[in-house]
Amino acid sequence: MDFKELLKGNERFVKTADKKRIAELSKGQKPHTIVLTCSDSRVVPEFIFGCGLGELFVVRVAGNVACDPDVLASVEYAAEHLGARDLLVLGHTGCGAVGAACKAHGKGDGNIGELLGHITPAVEKAGGLEGAAVEENVRLQMKNALCGSDVISHLAKEGKLKIFGAIYDISTGKVRPVGE
Ligand SMILES: [Zn+2]
């Protein structure tokens with residue numbers, strides 16, 4: 001599929017879209033949930049949670065890591081200025097980033113090396129097992145969001161932002177919660 005076909009897809013979207021809702025949302029957004037998840041093409045929050053335009057404030061980065069200042073700022077913006085009350089850190093089975101972090105043993109060059117380094121503590125806690133590392137990585141990034149952002153930790157302390165973790169199973173489409 002190339003860009004031309006994407007544009008055709010957009011034409012189809014515009015034809016069938018809820019124009020009233022689009023017009024309403026053009027005046028402002030009030031998403032209820034921030035979803036920090038992986039960039040993986042199989043993990044599409046709006047699809048898997050049955051949500052429409054304007055409902056989810058989605059931040060996607062490989063390995064759903066909450067370390068980059070831009071990622072944290074995006075979460076802060078949605079929580080502080082758009083009034084989102086929930087933050088969901090959503091990992092997924094078969095995550096390429098977590099898998100690579102398991103194989104890299106804490107080593108790696110360039111930008112990818114840096115990203116994998118953000119996942120390494122979860123891999124170590126999981127004893128190098130990929131499935132367990134996906135789960136530990138969700139817990140780790142929930143903690144990183146709190147530790148790396150005064151805004152997020154303050155809102156969480158005041159009860160204005162609840163933080164949840166979950167894993168999406170790419171083989172079944174099901175989401176299961178992850179406890180702290
Ligand atoms: Zn992934």
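Residues: numbered from 1 along the sequence shown. Order of appearance sets the numbers: ligands from 1, and atoms from 1 within every ligand.
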- May I ask you to decide whether Glu135 forms a salt bridge with Arg139, counting only side-chain N to carboxylate O separations under 4.0 Å? yes

- Message: Tell me whether Lys8 is salt-bridged to Glu5, with the criterion being a basic N under 4.0 Å from an acidic carboxylate O.
- Response: no

- The protein N, O or S atoms lying under 2.8 Å from the Zn ion (ligand 1) are Cys38 SG, His92 NE2, Cys95 SG

- Task: Please check if the side chain of Arg176 supplies one atom and the backbone of Asp169 the other of a donor-acceptor pair under 3.5 Å.
- Result: no

- Look up atom CG in Asn137 and atom CE in Met142, then write down how far apart they are to the nearest 0.5 Å. 11.5 Å

- Does any non-hydrogen side-chain atom of Val65 lie less than 4.5 Å from one of Val71? no

- Query: Can you list every pair that meets side-chain hydrogen bond (donor to acceptor under 3.5 Å, both in side chains) and has a residue in residues 32-50, with sequence neighbours left out?
  - Reply: His32-Glu55, Asp40-Arg42

